[in-house]
**Student:** 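Submitted below is the structure of interest, expressed as structure tokens.
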Amino acid sequence: MRAYISVDTETRKLLGKEIIALGMAMGSANVEHFIFVDKYTMEAGQEAEFMQKAMKEIDTSNFIMVEATKINVTSCIELGYAKAKRKPIVYLQKAEAETNEVLFALSNFHILYSSPKDLFDQLSEFLKNVLPQN
């Protein structure tokens, strides 16, 4: 099982503890998590190639998680692409952040968290209840 994590580079830097909690919950459920911005950087003039790589990675994932605490264009494109490919979409957001109603509506599941521990707890419960059990 593989999850594509959509988050922009700047937000990734701000959510270090949350990303660790996400990784711990995914690891406990034997879900590989792929954070695109940890592997690729967008270079000026290479935007199309960057998005092609993102789409290829989404294609090889079972579902996508969009960190929507701070909305960015790339995550919107990734979410739209995943929706078109009928991939399940999990919307993640800090509870105090403003909700993007369109992204929220397009997502299949929603986790609004108040702390890294709360994210870990909710995501662990979600994965336990949603993923197929072996």
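Heavy-atom basis, side chains included; hydrogens, waters and symmetry copies ignored.
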**Student:** Say you draw a straight line from CG of L119 to OG of S114; how long is it, rounded to the nearest 0.5 Å?
**Tutor:**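 OG of S114 is found 9.5 Å from CG of L119.
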
**Student:** Measure the spacing between CG of L123 and CG of L22 and express it to the nearest 0.5 Å.
**Tutor:**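 That separation rounds to 5.5 Å.
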
**Student:** Does anything in residues 94-114 pair up under salt bridge (Lys or Arg N to Asp or Glu O under 4.0 Å), and if so which pairs, sequence neighbours excluded?
**Tutor:**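 Only E18-K94 qualify under salt bridge (Lys or Arg N to Asp or Glu O under 4.0 Å).
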
**Student:** How would you list, by chain and number, every residue that makes a side-chain contact (heavy atoms from CB on, under 4.5 Å) with A29, sequence neighbours excluded?
**Tutor:**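 By the side-chain contact (heavy atoms from CB on, under 4.5 Å) rule, A29 matches V31, L127, L131.
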
**Student:** What closest approach, in Å, do M26 and A3 show between heavy atoms, and which atom pair accounts for it?
**Tutor:**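 In this case the closest contact between M26 and A3 is CE-CB, 3.3 Å.
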
**Student:** Could I get the full list of side-chain contact (heavy atoms from CB on, under 4.5 Å) partners for K17, not counting sequence neighbours?
**Tutor:**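 Expected list: P116.
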
**Student:** Which hydrophobic side chains are connected to I89, either touching it within the sub-4.5 Å cutoff or through other members that do?
**Tutor:**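 Taking Ile, Leu, Val, Met, Phe, Trp and Tyr as members, I89 shares its hydrophobic cluster with Y4, F34, F36, Y40, M42, F50, M51, M55, I58, I64, V66, I71, V73, I77, L79, Y81, Y91, V102, L103, F104, L106, L112.
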
**Student:** Indicate, with yes or no, if L14 and I5 share a hydrophobic cluster defined by side-chain heavy-atom contacts under 4.5 Å among Ile, Leu, Val, Met, Phe, Trp and Tyr.
**Tutor:**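 Different hydrophobic clusters.
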
**Student:** Looking at A97, is its backbone amide N or carbonyl O close enough to the side chain of Q93 to form a donor-acceptor pair, meaning the two atoms are under 3.5 Å apart?
**Tutor:**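 Flag set: sc Q93 to bb A97 pair under 3.5 Å.
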
**Student:** Can you pull the salt bridge (Lys or Arg N to Asp or Glu O under 4.0 Å) pairs that have at least one residue in residues 44-58, sequence neighbours excluded?
**Tutor:**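 Qualifying pairs, neighbours excluded: R2-E57.
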
**Student:** With sequence neighbours left out, write down each residue that passes side-chain contact (heavy atoms from CB on, under 4.5 Å) with D8, or none if nothing qualifies.
**Tutor:**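 Residues passing side-chain contact (heavy atoms from CB on, under 4.5 Å) with D8: E10, T11, K70, N72.
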
**Student:** Mind checking who shares a hydrophobic cluster with M24, ILVMFWY linked at side-chain heavy-atom distances under 4.5 Å?
**Tutor:**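 Other cluster members: I20, F120.
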
**Student:** My understanding is that only residues two or more places apart in sequence, or in another chain, count here; which of them pass side-chain contact (heavy atoms from CB on, under 4.5 Å) with T9?
**Tutor:**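 K13, V37.
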
**Student:** If the condition is salt bridge (Lys or Arg N to Asp or Glu O under 4.0 Å), which residues does D118 pass it with, not counting sequence neighbours?
**Tutor:**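 D118 satisfies salt bridge (Lys or Arg N to Asp or Glu O under 4.0 Å) with no residue once adjacent residues are dropped.
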
**Student:** Quick one: list whatever passes side chain to side chain donor-acceptor pair (under 3.5 Å) with N62, sequence neighbours left out.
**Tutor:**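 Side chain to side chain donor-acceptor pair (under 3.5 Å) list for N62, sorted by chain: empty.
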
**Student:** Please round to the nearest 0.5 Å and tell me the distance separating atom CZ of R12 and atom CD1 of I19.
**Tutor:**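 With rounding to 0.5 Å, CZ (R12) is 5.0 Å from CD1 (I19).
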
**Student:** Rounded to the nearest 0.5 Å, how far apart are OG of S61 and NZ of K87?
**Tutor:**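 Going from OG on S61 over to NZ on K87, the span is 6.5 Å.
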
**Student:** Taking side chain as C-beta onward, heavy atoms only, is L15 less than 4.5 Å from E67?
**Tutor:**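 Yes; the side chains approach each other to less than 4.5 Å.
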
**Student:** With salt bridge (Lys or Arg N to Asp or Glu O under 4.0 Å) as the rule and sequence neighbours excluded, what pairs involving residues 105-117 come up?
**Tutor:**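 Applying salt bridge (Lys or Arg N to Asp or Glu O under 4.0 Å) to every pair that reaches into residues 105-117, excluding sequence neighbours, yields K117-D121.
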
**Student:** Listed by chain and number, what are the ring-ring contact (aromatic ring centres under 6.0 Å, His included) partners of F126, not counting sequence neighbours?
**Tutor:**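 Testing F126 for ring-ring contact (aromatic ring centres under 6.0 Å, His included), a comparison that skips the adjacent residues, returns F109.
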
**Student:** Check whether L92 and V130 end up in the same hydrophobic cluster, where Ile, Leu, Val, Met, Phe, Trp and Tyr are linked by side-chain heavy atoms less than 4.5 Å apart.
**Tutor:**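 They do share one cluster, since a chain of ILVMFWY contacts under 4.5 Å joins L92 to V130.
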
**Student:** For Q122 and S124, indicate whether the former's side chain and the latter's backbone hold a donor-acceptor pair under 3.5 Å.
**Tutor:**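 Between the backbone of S124 and the side chain of Q122 there is no qualifying donor-acceptor contact (under 3.5 Å).
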
